[in-house]
Amino acid sequence: MVQNAKDPLSAPGTQQLGLVVIGRNEGERLARCLESVGDVAAARVYVDSGSRDDSVAIARRAGFDVIVLSAPPAFTAARARNAGIARLLAEHPELAFVQVVDGDCELRARWLQTALATLQAAGDLAAVFGRRRERYPERSLYNAICDDEWNAPVGVASGFGGDVMCRIAALRQVDFYNASMIAGEDTELAMRLRKAGWRIRCLDAEMTLHDADIRRFSQWWSRARRAGHGYAQMAALHPDARDPNWPRSVRSIVLWGGVAPLTCLAAAIGALSIDPRLWALVAAVPAAWLFNVLRLARHQRRRGLDARVARGSAVLLMLGKLPQVLGVAGYYRDRLLGRTSRLIEYKGAQSA
């Protein structure tokens, strides 16, 4: 275990900590991730979900126990994390805590000590996480928006992301991650933990560097579509959810990504063929859309974002309802047909 990427941990109880790294086609990003982990623990596992690059070889060279998943069943981050945790517990049943890390992230110095000490001191905490930052926020507006997305308020939290340290007893109580989810599996797990009486906390500490590597509109579109699928599934699993209020999020997606554009299109057809007064309705829809963009941009500026990122974030939040409604529709289509949803990817494979 490590104080930084190289030095061993000395805190009591660190022998109870295991590590799971998951990845798919992360290449150089995975190499940086595993290097940042160093000799974090004897109990450390890398789980690969069908990589076409040399990710498996990279992990083996780094001395990790490697699990290579096959398909079917479908690859999901949740399935990979469950497989990694199961391997850890089979070989190290004494483990009490597990740090899970996505393969496109790097652990920051002293995060493990801080997180572990917090969990050991508070028996009602199921999970803790810290500040995840984008490695290259300056490379694209999309990366800059992701960096802001990771900036959760310090204190009691309603959910967490892919990088988190969890109490294994809490995970056992709620039966770990939902392996069927292709998106949103982390916040869905957090919801079940909270319903079981556990607390989650965001710590005032640097946790990981993340490399979203989103440089093209098509990548952003795919990521937004995946998010829509996640919202729909979380709302279906937790119709009583209010913090976060996933049913309300889905209604907003359907309104702005489906009803509003279809209404505008129908009104335009009607104005051309039935009644020119319908042009007023055609104009009203984009006016309402623009009003929301301006409102969101003002809110983002008040939160401290610079003008460029605030404006871009506002536009993409509203425009993102279009791919998100496709994700919502995809979830309900697959549910109706009784088939497993396919992974929605937005990154390409890298070579190390």
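Owing to the predicted nature of the structure, the values given are computational and were not obtained by experimental measurement. Residue numbers start at 1 and run along the sequence shown.
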Ignoring hydrogens and angles, write down the donor-acceptor pairs under 3.5 Å from the side chains of residues 243-253, residues two or more places apart or on other chains.
from	atom 1	to	atom 2	distance (Å)
N245	OD1	R248	N	3.0
S249	OG	N245	O	3.3
S252	OG	K321	NZ	3.4

Under 3.5 Å, which donor-acceptor pairs do the side chains of residues 288-299 form with other protein atoms, sequence neighbours left out?
from	atom 1	to	atom 2	distance (Å)
N292	OD1	R295	NE	3.4
N292	OD1	R295	NH2	2.7
N292	ND2	A288	O	3.1

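Looking at residues two or more places apart in sequence or on another chain, you find a salt bridge (Lys or Arg N to Asp or Glu O under 4.0 Å) between D102 and R81, R132. For the side chain to side chain donor-acceptor pair (under 3.5 Å) test, residues two or more places apart in sequence or in another chain that qualify with E134 are W150, H210. R192 is linked by a side chain to side chain donor-acceptor pair (under 3.5 Å) to E188, counting only residues two or more places apart in sequence or in another chain. Not a single salt bridge (Lys or Arg N to Asp or Glu O under 4.0 Å) links R167 to another residue, sequence neighbours left out.
Each side-chain hydrogen bond (donor to acceptor under 3.5 Å, both in side chains) pair with one or both residues in residues 63-80, not counting sequence neighbours, appears once here: D65-R87. Sorted by first and then second residue, the ring pair (Phe, Tyr, Trp, His ring centres under 6.0 Å) pairs involving residues 258-285 (not counting sequence neighbours) form an empty list. Sorted by first and then second residue, the side-chain hydrogen bond (donor to acceptor under 3.5 Å, both in side chains) pairs with a member in residues 253-276 read D275-R277; sequence neighbours excluded. The list of salt bridge (charged side-chain N to carboxylate O under 4.0 Å, His left out) pairs with a residue in residues 255-271, not counting sequence neighbours, is empty.
At a threshold of 4.5 Å between non-hydrogen side-chain atoms, the residues V66 and V47 do not count as touching.
Clustering of Ile, Leu, Val, Met, Phe, Trp and Tyr side chains at separations under 4.5 Å places L265 together with I269. Counting side-chain heavy-atom gaps under 4.5 Å among Ile, Leu, Val, Met, Phe, Trp and Tyr, V285 is found in no cluster with other residues.
In this structure, R139 forms a cation-pi arrangement with Y136, its terminal cationic atom sitting closer than 6.0 Å to the ring centre and no more than 45° off the ring axis.
Of the possible polar contacts, one joining the D306 side chain to the V309 backbone as a donor-acceptor pair under 3.5 Å is found.
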